[in-house]
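Single-structure report; data block below.
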Number of protein chains: 2
Amino acid sequence: MSAEYTNPLFTVDSVLFTVKNEQLLVLLVKRAQAPFIGDWGLPGGFIDEKIDNNTDATARRKLQAKTGLSPAYLEQLQAISGPDRDPRGFSVTLAYFALVAYQDVSPQIASVESASWIALKDLAKLNLAFDHLHIIEAARQRLQQKTLYSMTPVFCLPTQFTIAQLKSVIETIIEKPIQRKSLMRRIEASDIFEISEEKIPSGGRMAQLYTLKPGADLVNFERNLSL
Amino acid sequence: MSAEYTNPLFTVDSVLFTVKNEQLLVLLVKRAQAPFIGDWGLPGGFIDEKIDNNTDATARRKLQAKTGLSPAYLEQLQAISGPDRDPRGFSVTLAYFALVAYQDVSPQIASVESASWIALKDLAKLNLAFDHLHIIEAARQRLQQKTLYSMTPVFCLPTQFTIAQLKSVIETIIEKPIQRKSLMRRIEASDIFEISEEKIPSGGRMAQLYTLKPGADLVNFERNLSL
DNA sequence: CCATATTAGTGTCTCTGTGACACTATGTCA
DNA sequence: TGACATAGTGTCACAGAGACACTAATATGG
């Protein structure tokens with residue numbers, strides 16, 4: 001084997017989800033550069049070796065540029081590669097999947113023309129760059145799976161939240177109603193939540209606010225919620 | 001932003017596992033080129049854009065070169081990146097995790113000096129190139145997790161196998177005994193196995209041989225085996 | 001001030017699948 | 001033929017999800 005090799009074009013793209021009004025939203029940006037100028041695409045770009053210590057940092061930096069802050073949750077999804085997915089040549093995209101609370105980033109998003117929350121059900125109407133539609137679908141499936149066996153969806157909520165809010169977010173993600181009781185059992189069993197001092201009005205009895213325990217890691221439950 | 005960007009060194013490496021004599025083994029190769037000449041490392045290398053249609057093909061090609069065949073199971077594990085992991089500069093490695101039956105590849109391995117099966121418990125004694133030890137550990141954890149909720153370990157067995165063999169492989173991977181009964185229930189429920197014509201002697205009653213149904217996909221169970 | 005509606009939270013039964021383990025079945029070997 | 005070994009089954013206990021009725025607390029309207 002020779003020392004020569006072809007190094008593919010390498011980019012990092014993120015699928016940033018949030019939930020708002022029982023709708024799963026994804027952050028898209030209007031592309032200002034070729035290829036696919038004018039189309040919607042995932043926020044992302046090239047590694048900046050001077051700034052980024054690794055690809056996670058690249059994903060965070062690119063998301064921060066669009067939303068004003070680092071996402072509450074970020075994990076690697078998948079690398080997608082091929083000779084034809086980018087007209088400039090063989091390319092590899094490392095896709096990330098991330099979550100934020102809508103409230104945390106909405107002002108920044110609203111102030112920027114180039115970025116926008118799009119409901120997942122409206123994606124079909126848009127022209128998406130590259131295979132980004134496919135990547136979003138893969139991210140959504142991963143999010144759904146994780147929701148069945150973990151509390152990942154809390155990262156779509158502000159630091160203080162009620163059980164009803166969490167239930168609603170979960171139901172939006174898996175597109176199925178769940179039992180309030182099952183959720184409470186899991187909250188209890190996971191031991192990663194704290195009962196806040198406050199309660200907030202809800203139309204009926206006051207709702208207890210919860211927060212994530214500082215430094216607590218997500219737990220995986222041994223059983224899935226049923227789909 | 002300028003059109004300039006730094007494109008990192010990009011490689012594909014695979015963690016190929018098998019199980020033999022109640023031991024989890026990983027395929028390592030002795031590095032013939034810099035960096036880390038003479039150390040053990042994961043089989044892998046650069047994409048060949050003329051041959052490889054994507055990174056999966058790169059992983060398969062590199063594994064075939066060492067084992068003589070494409071692995072029975074292959075999935076993306078994780079990309080690892082950083083400025084210091086490769087002395088040549090900022091690099092990204094896309095790690096794959098793969099499984100084969102020991103019998104299927106052992107003749108080829110035995111005939112090659114540069115590749116060898118190493119028991120996981122013996123890894124600490126070796127000098128491993130790059131952060132390959134860390135990657136192997138991540139792959140092992142993924143394999144363990146998957147074993148708790150799927151039949152992934154069948155890919156460490158030849159096409160025909162007994163329940164006792166599958167049980168042994170699973171126990172080796174998760175390092176805990178499981179109930180024969182639980183395994184049989186899962187085999188039944190998954191509906192991806194076929195009862196073969198044959199039985200083989202086992203020291204006692206003859207053991208039924210099973211095969212994977214052709215074209216059957218792995219199923220994920222809703223509950224984990226308990227660790 | 002009380003009745004009613006509304007949402008929060010609990011009690012408890014059913015259901016399903018794992019863990020445990022004894023029991024039956026069928027092979028080998030002395 | 002009987003002891004032993006491994007294959008495979010029957011069945012009970014246990015844990016956690018689903019279902020759903022019940023209690024608790026707050027708002028609103030007469």
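Chain A is the first sequence line, chain B the second, and so forth, proteins listed ahead of strands; every chain is numbered from 1.
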Under 4.0 Å between any heavy atoms, over every strand shown, what does B:Lys199 touch: base, sugar-phosphate, or nothing? Just pick one.
nothing
Starting at atom CZ of A:Arg185, determine the distance to atom P of C:dT12, rounded to an integer number of angstrom.
14 Å
Among B:Asp13, B:Thr58, B:Asp56, exactly one meets side-chain hydrogen bond (donor to acceptor under 3.5 Å, both in side chains) together with B:Tyr96. Which residue is that?
B:Asp56
By nearest heavy atom, map A:Arg180 and A:Phe221 onto DNA chain D; which one lands nearer the 5' end?
A:Phe221
Interatomic distance, B:Lys167 NZ vs D:dT6 P [rounded to whole Å]:
11 Å
Look at the side chain of B:Arg205 and decide which nucleotide, out of C:dT18, C:dA25, D:dA17, has an atom nearest to it.
C:dA25
Which of C:dA20, D:dC20, C:dT18 is nearest the side chain of A:Gln179? It is D:dC20
Verify salt bridge (Lys or Arg N to Asp or Glu O under 4.0 Å) between B:Arg85 and B:Asp131, making sure each step is shown before the conclusion.
CA-CA 7 Å; B:Arg85 48 184 305 282; B:Asp131 43 13; 2.8 Å; yes
Donor-acceptor contacts under 3.5 Å from residues 218-227 of chain A side chains, at least two apart:
none

Charged N to carboxylate O below 4.0 Å: is that the case for A:Lys213 and A:Asp191?
yes
Between D:dA17 (C1') and B:Asn224 (CG): distance, integer Å
15 Å
In this structure, how many angstroms lie between the P atom of D:dG16 and the CD1 atom of A:Ile187, rounded?
16 Å
Integer-rounded Å distance: D:dA27 C1' and A:Ile200 CD1:
15 Å
Distance check: side-chain N/O of B:Arg186 vs OP1/OP2 of C:dG17, anything under 4.0 Å?
no
B:Ile163 has an atom CD1; how far is it from atom C1' of D:dT9, in whole Å?
12 Å
A:Phe193 and A:Leu212: which non-hydrogen atoms are nearest, and at how many Å?
CE2-CD2, 3.8 Å
Where the side chain of A:Lys181 is defined as all heavy atoms beyond and including C-beta, which of D:dG18, C:dT10, C:dT18 is the nearest nucleotide?
C:dT10
Return the nearest nucleotide to the side chain of A:Arg223; candidates are D:dG8, D:dT9, C:dG17.
C:dG17
Any base atoms under 4.0 Å from B:Ile178, or only sugar-phosphate, or nothing? Heavy atoms, all strands.
nothing
Would you kindly compare B:Pro201 and A:Ala164 by the position of their nearest DNA chain C nucleotide and give the one closer to the 5′ end?
A:Ala164
If I take atom CD in residue B:Gln208 and atom P in nucleotide C:dG27, what distance separates them, rounded to the nearest angstrom?
12 Å
Could you tell me the separation between the CZ atom of B:Phe161 and the C1' atom of D:dT6, rounded to a whole number of Å?
18 Å
According to a strict under-4.0 Å criterion, is A:Ser182 in side-chain N/O contact with OP1 or OP2 of D:dG18?
yes
Determine the contact category for B:Ala189: base if any of its heavy atoms lies under 4.0 Å from a base atom, sugar-phosphate if only primed atoms, P, OP1 or OP2 are that close, otherwise nothing.
nothing
